[in-house]
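Start at 1 and go down the list; that is how both ligands and their atoms are numbered.
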Amino acid sequence: MTESSSKTANTDYDVIIVGAGFGGLTAVHRMRELGFSVRLFEAGTDVGGTWYWNQYPGLKVDVESVEYSLSFSYVIEQEWSWSERYAGPQELCRYANFVADRLDLRRDIQLDTRIDSAEFDEDSGIWALTSNSGEKLRSRFVMMCTGMLNQPIKPQFKGLDSFEGKQYHSARWPKEGVDLSDQRVGVIGTGSSGVQIISTIASEVKHLHVFHRTPGYCLPLRNCKMPEEYSKRVKANYGEWRAAERYNSFGGWVALNYQIGELVTGSALDATPEEQQALFDERWKSGGLSFYNVYPDVYTDLEANAVLGKYLQAKIRERIKDPKLAEILTPTYPVLTKRLIAETNYYEVYEQDNVELVDLREQGIDEITPKGVRVGDTEYELDCLVFATGFDAMTGSLKAMDVRGRNGLTFAEHWDDGARTHMGLMSAGFPNLFIINAAGSPAPLFQPIILGQEQVQWVGRLLTQLAERELNCIEPSAEAEDNWGGLCEESVAATLFPLTDSWYLGNNVPGKSRTGLAYFGGMASYRQAMTDAEVCGYDGDFMLSTLPKGGN
Ligand code: N01
């Protein structure tokens with residue numbers, strides 16, 4: 001780093017990173033490699049990010065473990081071996097710990113420390129951060145690696161606090177576990193979290209009521225012990241495979257059917273019924289979310305989408321004996337416009353005598369009572385209530401934090417009408433603050449672990465360039481944010497996603513604007529936008545300066 005960089009300006013660190021998930025761990029390593037002084041703060045007592053916080057029963061990552069892993073270190077890639085095709089949170093946290101130890105990251109990580117506030121000083125161009133223990137810290141740059149699905153939400157049902165039993169949220173499950181045997185349990189929500197919880201606890205609890213509103217496309221995960229041959233093949237081909245993920249695929253993932261780098265091209269409508277069937281059967285057999293890699297026009301064309309939709313609807317119906325239940329549980333919205341749900345024996349659970357589905361399609365939950373949940377005239381008595389009701393995705397973490405940019409502007413204010421960012425990496429009025437894997441980026445579609453690394457690398461190159469040019473302050477213009485917001489809107493309008501309510505569009509949170517929430521243009525065009533910004537030296541869309549004026 002040069003003299004103009006942050007170290008000379010009375011800071012504790014060049015870069016402060018918030019959050020010890022995979023984005024944060026990558027950031028510590030990269031910033032250190034580039035010669036910056038760095039400190040990462042994590043509210044949890046261990047590294048692992050989303051896998052530290054989400055430890056509900058039955059959780060398995062829905063992306064293949066070999067793919068859901070960091071690619072920036074050859075040593076890490078080669079030395080770590082996954083035990084299962086889809087790892088659970090404990091193994092994912094062990095992996096995060098392995099990364100932290102193997103790369104000697106721990107000396108720059110402070111656990112059990114929540115950053116409560118961050119304030120930008122316009123004169124010095126320095127961020128002042130305060131932790132929950134009152135520790136005060138100053139840095140030139142801040143990287144918010146706080147995750148896209150981190151802020152849990154609970155619908156504000158009437159009487160919520162009157163319930164006399166225990167309440168849990170899927171995203172804050174007690175690490176020591178919960179004994180649910182002999183309990184009458186109610187689960188609200190049947191997204192990825194709810195479905196995995198339901199499938200796992202059904203055999204354990206006395207009685208399970210599933211409060212069910214919208215059926216999802218639930219597909220068998222087909223988890224298994226990691227086949228050794230597959231693991232070896234992946235390790236030998238990681239480079240080629242990662243390149244395909246980054247450069248060619250829409251969503252940043254390609255490892256499917258134990259094959260590497262085979263992306264489907266061409267229209268579903270040009271394929272013969274036999275070809276469609278053969279491809280879909282192969283995906284079905286493979287399991288997991290392999291249906292993300294099918295004909296690309298399933299994302300953009302209703303007719304093409306219906307080809308896959310009908311196939312999966314039939315597969316779901318086949319698994320449910322009771323026709324009434326089959327009708328309730330079979331989704332009808334365009335497939336893939338909400339995230340696919342990876343499960344194990346989910347539909348079969350409804351055959352158990354102790355499991356009852358409460359259909360909320362016509363009549364929602366009226367209130368939570370001291371004894372349970374009331375829907376219309378029926379009160380369901382419960383000992384325990386599980387909220388698997390999701391997250392304030394993409395924007396929730398930063399809106400909840402007291403982050404103040406220029407003129408005391410907070411994210412809650414700046415993002416009130418939508419997520420205003422440039423490329424999902426920075427926001428106007430928040431100089432030198434970088435956002436990883438969240439608002440304005442393609443996070444919902446992409447494999448977050450791939451995207452986060454790309455973004456961290458981009459920030460690293462940017463900070464290096466700033467130092468070389470003897471600059472120390474950068475922020476995007478309001479116009480650049482407008483343009484990016486417009487691109488986000490154009491990109492989503494070209495797809496089928498707006499046809500369905502989902503957290504992708506923010507409409508799982510009452511009143512939340514979807515503007516600029518995410519970019520739906522695909523991995524290749526997102527990477528191109530990042531490259532274009534670099535190639536022109538960040539001029540145009542970004543404002544660059546040296547603070548304080550005239551040097552430190
Ligand atoms: O949350 P969700 P999630 N009354 O928003 C229901 C990732 N993830 O935590 O669809 C009744 O998907 C709501 O109903 P509806 C993954 O990306 C990954 O399950 O709005 N019900 C829905 O059923 C995933 O997509 C993994 O009609 C209400 C549920 O709550 C994302 O996280 C595991 C309600 C919320 O589903 C979020 O998943 C877990 C109300 N008032 C999560 N309000 C893996 O890798 C909400 N609901 C495996």
query: Going by the order shown, which atoms of ligand 1 are within less than 4.0 Å of some heavy atom of Phe157?
result: 4 (N), 40 (C), 41 (N)
field: Partner of Thr369 under side chain to side chain donor-acceptor pair (under 3.5 Å), chosen from Glu164, Arg374, Glu379, Lys158
entry: Glu379
query: In the protein, which heavy atom is nearest to atom 3 (P) of ligand 1, and how far is it?
result: Ser193 OG, 3.4 Å
- request: Identify the protein heavy atom lying closest to atom 1 (O) of ligand 1, giving its residue, its atom name and the separation to 0.1 Å.
  value: Gly390 CA, 3.2 Å
- prompt: Tyr86 near ligand 1, heavy-atom distance under 4.0 Å?
  reply: no
- prompt: Does ligand 1 have an atom under 4.0 Å from some heavy atom of Leu59?
  reply: yes
task: List the atom of Leu382, the atom of Val373, and the distance in Å for their closest heavy-atom pair.
output: CD1-CG2, 3.7 Å
query: Does the side chain of Thr344 come under 3.5 Å of the side chain of Lys60 through a donor N or O and an acceptor N or O?
result: no
- line: min-distance protein heavy atom vs atom 20 (O) of ligand 1 -> Arg213 NH2, 2.9 Å
task: Find all atoms of ligand 1 within a distance of less than 4.0 Å from any non-hydrogen atom belonging to Tyr56, and give their numbers and elements.
output: 33 (C), 39 (C)
statement: Quick look: Ser192 vs ligand 1, heavy-atom contacts under 4.0 Å, and the answer is both
- line: Contact region, Phe391 to ligand 1, non-hydrogen atoms below 4.0 Å, reads side chain
task: Below 4.0 angstrom from a heavy atom of Val61, which ligand 1 atoms are there? Numbered from 1 as shown, please.
output: 45 (O)
query: Does ligand 1 have a heavy atom under 4.0 Å from the side chain of Leu360, from its backbone, from both, or from neither?
result: side chain
Contacting atoms of ligand 1, where contact means under 4.0 angstrom from a heavy atom of Lys338: 10 (O)
field: Qualifying residue for ring pair (Phe, Tyr, Trp, His ring centres under 6.0 Å) with Tyr95, from Phe22, Trp51, Tyr68, Tyr52
entry: Phe22
query: What protein heavy atom sits nearest atom 37 (C) of ligand 1, and how far away is it?
result: Trp503 NE1, 3.7 Å
query: Considering only the protein, which heavy-atom contact is closest to atom 17 (O) of ligand 1, and what is its distance?
result: Arg339 CD, 2.8 Å
message: If the test is side chain to side chain donor-acceptor pair (under 3.5 Å), which one of Glu64, Glu84, Arg85 qualifies with Asn223?
response: Glu84
statement: For atom 36 (O) of ligand 1, the closest protein heavy atom turns out to be Gly191 CA, 3.7 Å
Heavy atom of the protein closest to atom 15 (P) of ligand 1 (residue, atom name, distance): Thr214 OG1, 3.5 Å
- prompt: For ligand 1, does Ala393 get within less than 4.0 Å through its side chain, its backbone, both, or neither, judged by non-hydrogen atoms?
  reply: neither
- request: For ligand 1, indicate whether the residue Leu149 contacts it via side chain, backbone, both or neither (heavy-atom separation under 4.0 Å).
  value: side chain
- prompt: Numbering the atoms of ligand 1 from 1, which are under 4.0 Å from a heavy atom of Thr190?
  reply: 22 (C), 23 (O), 29 (C)
message: Heavy-atom contact check, 4.0 Å cutoff: does Gly364 meet ligand 1?
response: no
task: Check Phe157, Phe387, Tyr380 against Phe211 for a ring pair (Phe, Tyr, Trp, His ring centres under 6.0 Å) and give me the one that passes.
output: Tyr380
message: Side chain, backbone, both or neither: which applies to Lys60 and ligand 1 if a contact is any heavy-atom pair less than 4.0 Å apart?
response: backbone
message: Tell me whether ligand 1 is touched by Gln196 - counting only heavy atoms on the residue side and a distance under 4.0 Å.
response: yes
